[in-house]
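Just below is one structure, and these are the notes that go with it.
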2 protein chains.
Amino acid sequence: MEKPQPDIHRILHALGDATRRAIVERLSERPYSVTGLATPLEITVTAVGQHLQVLEESGLVQTEKVGRVRTCRLDAAGFQALEGWIRDLRPAWEQKLDRLGELLEEE
Amino acid sequence: MEKPQPDIHRILHALGDATRRAIVERLSERPYSVTGLATPLEITVTAVGQHLQVLEESGLVQTEKVGRVRTCRLDAAGFQALEGWIRDLRPAWEQKLDRLGELLEEE
DNA sequence: TCGATTGTCAAGTATGAACTTCACTATTCT
DNA sequence: AGAATAGTGAAGTTCATACTTGACAATCGA
């Protein structure tokens with residue numbers, strides 16, 4: 001149950017779900033309780049709890065239970081890992097599809 | 001069939017699938033044909049074609065058919081949009097969970 | 001021109017996961 | 001103490017979507 005180091009596959013899988021993205025965007029505003037997240041989404045707290053587990057395991061969200069309330073906020077770890085992934089791929093996607101250059105190199 | 005402007009939800013949904021991530025990572029190496037992508041993944045070209053449509057619609061991949069071969073490469077548009085999304089969220093996830101500051105502000 | 005290669009289209013299957021419900025525990029309030 | 005609130009856990013349902021197959025079209029090589 002310790003904080004696993006962020007894994008890009010976990011992260012992208014977590015962000016692949018619309019509800020989880022909604023949770024993330026809500027938490028980008030300010031921290032919320034589980035119920036505070038569930039209400040506007042019109043789903044049960046159980047469902048939110050399940051999503052939170054995925055988000056937490058991917059390092060995108062951090063939660064802390066104090067008393068009976070679990071407070072959820074974004075976690076930098078996952079976002080930094082995601083940033084790093086894109087940065088590492090940059091040389092690949094930044095290739096200018098320069099038509100001229102392409103044709104010249106063709107042969 | 002025109003290039004739709006990148007939408008972060010499309011993008012994250014596209015990257016949510018493991019096979020599509022595998023395609024992206026393969027294309028980060030160099031451009032590939034549809035068959036060239038399908039073979040190492042051990043899935044049919046039909047399946048790859050379906051994934052390519054999703055990736056293309058999200059602006060992550062660009063394809064061009066020349067003769068009977070469709071050549072696929074990464075597309076900057078989607079990655080730039082993804083970068084922008086993370087950048088915009090930065091203030092939210094960059095909040096230092098400074099224990100001291102937290103406790104002080106509590107009341 | 002014939003066969004092999006590359007990809008597309010339509011239609012069907014099936015599996016995973018996003019939910020729900022219900023029962024329960026733990027905390028807070030009066 | 002009793003009632004209300006916040007969340008957890010197990011188990012079942014259902015629906016999206018990632019695949020397949022099979023038939024076909026277009027291109028290329030011999």
Side-chain angles (χ1 to χ4, degrees), chain A residues 1-4 7 9-27 30-58 60-73 75 106-107, chain B residues 1-4 7 9-27 30-58 60-73 75 106-107:
Chain A
M1 291 297 134
E2 272 313 298
K3 233 202 253 186
D7 163 35
H9 284 279
R10 268 193 196 290
I11 291 169
L12 289 171
H13 169 256
L15 290 173
D17 179 77
T19 304
R20 285 193 290 265
R21 286 194 298 274
I23 290 175
V24 165
E25 301 208 323
R26 192 104 208 280
L27 291 178
R30 64 172 182 83
Y32 277 97
S33 68
V34 177
T35 310
L37 290 170
T39 309
L41 290 173
E42 303 195 330
I43 57 178
T44 62
V45 291
T46 305
V48 171
Q50 290 162 353
H51 286 306
L52 284 173
Q53 196 180 336
V54 174
L55 288 166
E56 211 170 349
E57 283 170 357
S58 67
L60 289 165
V61 166
Q62 231 177 339
T63 78
E64 187 192 13
K65 189 160 181 178
V66 97
R68 60 184 171 178
V69 176
R70 177 171 299 277
T71 300
C72 315
R73 64 191 71 224
D75 182 352
E106 199 111 341
E107 310 301 287
Chain B
M1 292 295 138
E2 272 312 298
K3 233 201 253 187
D7 162 37
H9 284 279
R10 268 192 195 289
I11 291 169
L12 289 171
H13 170 255
L15 291 173
D17 180 76
T19 305
R20 285 193 289 265
R21 285 195 298 275
I23 290 175
V24 165
E25 302 207 324
R26 192 104 211 276
L27 291 178
R30 64 172 182 83
Y32 277 97
S33 69
V34 177
T35 310
L37 290 170
T39 309
L41 290 174
E42 304 196 327
I43 56 177
T44 61
V45 291
T46 305
V48 171
Q50 289 161 354
H51 285 306
L52 284 173
Q53 195 179 338
V54 173
L55 288 166
E56 211 170 349
E57 282 170 358
S58 66
L60 289 165
V61 166
Q62 231 177 340
T63 78
E64 187 192 16
K65 190 160 182 179
V66 93
R68 60 183 170 178
V69 176
R70 176 170 301 276
T71 300
C72 315
R73 64 191 73 222
D75 183 352
E106 198 111 341
E107 311 301 287

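So that the names make sense, note that chain A is the first sequence line, chain B the second, and so on, each numbered from 1.
Contact check for A/V54 versus A/D17: no side-chain heavy atoms found under the 4.5 Å cut-off. Annotation: side chain of A/V48 is in contact with side chain of A/L52 (closest heavy-atom distance under 4.5 Å). In this structure, the side chains of A/E56 and A/H51 stay at 4.5 Å or more apart for every pair of heavy atoms. Looking at heavy atoms from C-beta onward, B/Q50 lies in side-chain contact with B/T46 at the 4.5 angstrom threshold.
Rounded to an integer number of Å, the gap from B/Q53 CD to D/dA18 P is 12 Å. One atom, OH of A/Y32, and another, C1' of D/dA6, lie 17 Å apart when rounded to the nearest Å. In this structure, the CZ atom of A/R70 is 9 Å from the P atom of D/dG7, given to the nearest Å. Between A/H13 atom NE2 and C/dA17 atom C1' there is a gap of 8 Å when expressed in whole angstrom units. Remark: P of C/dG16 and CG of B/D17 are 13 Å apart, rounded to the nearest angstrom. Look at CG on A/L41: it is 13 Å from C1' on C/dC19, rounded to the nearest Å. Here D/dA18 presents its C1' atom at 16 Å from CG of B/L15, a figure rounded to the nearest Å.
Judged by distance alone, the side chain of B/R73 and the main-chain N or O of B/Q62 form no donor-acceptor pair under 3.5 Å. With B/R21 contributing its side chain and B/L15 its backbone, the two residues share a donor-acceptor pair below 3.5 Å.
Between C/dA17 and A/H51, no contact under 4.0 Å exists linking OP1 or OP2 to a side-chain N or O. Put simply, B/T19 has a side-chain N or O that comes within less than 4.0 Å of OP1 or OP2 on D/dC19.
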Protein-proximity profile, nucleotides 20-30 of chain C, B/S/- by nucleotide at the 4.0 Å heavy-atom cutoff, equals BB-----BS--

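With the end axes of the helix from C/dT1-D/dA30 to C/dT30-D/dA1 each set by five pairs, the angle from one to the other reads 30° at 10° resolution.
Ion pairing between a basic and an acidic side chain is recognised when a charged N comes within 4.0 Å of a carboxylate O; B/E57 and B/R10 show such pairing.
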Would you be so kind as to tabulate the donor-acceptor pairs closer than 3.5 Å made by side chains of residues 30-38 of chain A, with sequence neighbours excluded?
from, atom 1, to, atom 2, distance (Å)
A/Y32, OH, A/R26, NH2, 3.1
A/Y32, OH, A/E29, OE2, 2.6
A/S33, OG, A/G36, N, 2.9

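The residue among A/V54 and B/G36 whose nearest nucleotide of DNA chain C lies closer to the 5′ end is B/G36.
In this structure, the separation between CD1 on B/I23 and CG on B/L41 is 6.0 Å, given to the nearest 0.5 Å.
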